[in-house]
Amino acid sequence: MKHSSPWAWVPSLYFAEGIPYVAVMTISLIMYKRLGLSNADITLYTSWLYLPWVIKPFWSPFIDVVRSKRWWILAMQVLIGAALGGVAFSIPTSTWLQGSLCLFWLMAFSSATHDIAADGFYMLGLNSHEQAWFVGIRSTFYRIATIVGQGLLVMVAGNLEVLTRNVRYSWSLTFYFMAGLFIALWLYHGWVLPKPQEDEEHQRLNAPGLLREMETAIVTFFRKPQVVAGICFMLFYRMPEGLLAKVSALFLIDAAHKGGMGLSPAEYGLVQGTVGVVGLTLGGILGGVAASRGGLKRWLWPMVFAITLPDVVYVYLSYALPSDLIIVGSCIFVEQFGYGFGFSAYMLYLIYYSRGDHKTSHYALCTAFMALSMMLPGLFAGALQEWVGYRLFFIIVMLCCSLTFVVTAFLKIDPDFGKK
């Protein structure tokens, strides 16, 4: 085994895991809005990009069979870098929409595959003590990637728009920079990633055996107690957020005469990509601490209120349209903090539902439902917003929060689950 300190590769590996996801799910929204695409088209096209994460559990076994996880990590980082460069190249062309969407699809599949390989490599490259020690480090650097992508890079693109007075050229330069960053990460990881013996041995796993194992895991997943209540919870708990996630970003940067807040990309990067991400992170940390002390069942309903009620800030913003960035940032912080706290219940329930045999495969299937819960509402969110306007759309989001309460009411959870 090639020896490398985990500090040399764990932070950078999870930073590399976060950047393409943010590029596909968030930066693409802002870019398409700045390039003049309608809200209905933006949400429809970008919501389909969730699909690789929906079907990820069904091709993850083949990553064990074909090559080592280290090989997959490096191969996907090259593809992601190439896709980022391709997006940058396509933006100034006449076929910018078709070209960029194809490349975002390539980036999404590569990113989902990279996630599988990176998480598997993390378990093979570290012993059990190191895995526990670095679990916080990996999540921290994933969050840093979110701040860099959703905050800093969007701000850079916005400032370049001011300097160059050319929207396409500015976003093209931003994606060229991201491509260069990813190629640098690929070169660095090619040198620093260890070569665990167990990783090489995984190439000899039997493909038919893995298929049988996957079939067994799927069958047992749908035979679990409370399967209907569990799947409904996975699909509908986040439905308001599934509607809100895409449209809220477009609302913040849309022009005032269209009912939006009229923020520049730089202002959006500040309030959503930095203040919002900090609120989300703090809410998630507090949610984990609360659940560890009182258990999931005790904190379930406070978390339900936390993930739903702060959505009302968008109703306020759509009616008040405040120009003070401090007020806007405070509203985004409150909404994201509540979402982070409430999302803890969702993630803990996925773990709860996955207990027992085949828990790794069952958890992967749960995350597929999680991605689907964001993909399906997003497909029509933009069209709905264009039909009813921002104000009524955010009221509809609040009404959909009733679904979150309904699906939560049917859950039966062990009172001791989640306690320290």
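This is a predicted model, so every value here is computed, not measured.
- Using a 4.5 Å cut-off on side-chain heavy atoms (C-beta onward), Phe341 and Trp299 make contact.
- Inter-residue side-chain proximity for Leu250 and Thr43 is flagged as met; some heavy-atom pair is nearer than 4.5 Å.
- Between Tyr353 and Tyr349, the ring-plane angle classifies as tilted under the 30° and 60° cut-offs.
- With sequence neighbours excluded, the residues that form a side chain to side chain contact (heavy atoms under 4.5 Å, CB included) with Thr408 are Phe233, Tyr237, Leu300, Trp301, Val304, Thr404.
- Atom OH of Tyr169 has 12 or fewer neighbouring heavy atoms from other residues, nucleotides or ligands inside a 6.0 Å radius.
- The aromatic rings of Phe221 and Phe369 sit parallel to each other, their planes meeting at less than 30°, with 60° as the upper class boundary.
- Counting heavy atoms from C-beta on, the side chains of Phe109 and Ile55 come closer than 4.5 Å.
- Sorted by first and then second residue, the pairs that involve residues 246-255 and meet side chain to side chain donor-acceptor pair (under 3.5 Å), not counting sequence neighbours, are Lys33-Asp254, Thr46-Lys246, Asp254-Tyr390.
- In this structure, Ala82 has no side chain to side chain contact (heavy atoms under 4.5 Å, CB included) partners at least two apart in sequence or on a different chain.
- Side-chain atoms of Tyr32 and Leu97, non-hydrogen and from C-beta on, do get closer than 4.5 Å to each other.
- For Trp186, the CH2 atom counts as loosely surrounded, since its 6.0 Å shell holds 12 or fewer non-hydrogen atoms of other residues, nucleotides or ligands.
- With 3.5 Å as the limit, one finds a donor-acceptor pair spanning the side chains of Gln77 and His114.
- Surrounding CZ of Arg298 are at most 12 heavy atoms belonging to other residues, nucleotides or ligands under 6.0 Å away.
- For the pair Met239/Val407, no side-chain contact is recorded, criterion being any heavy-atom separation below 4.5 Å from C-beta on.
- Residues Trp105 and Leu49 are in side-chain contact: their nearest non-hydrogen atoms beyond the backbone lie under 4.5 Å apart.
- Contact check for Thr93 versus Gln98: no side-chain heavy atoms found under the 4.5 Å cut-off.
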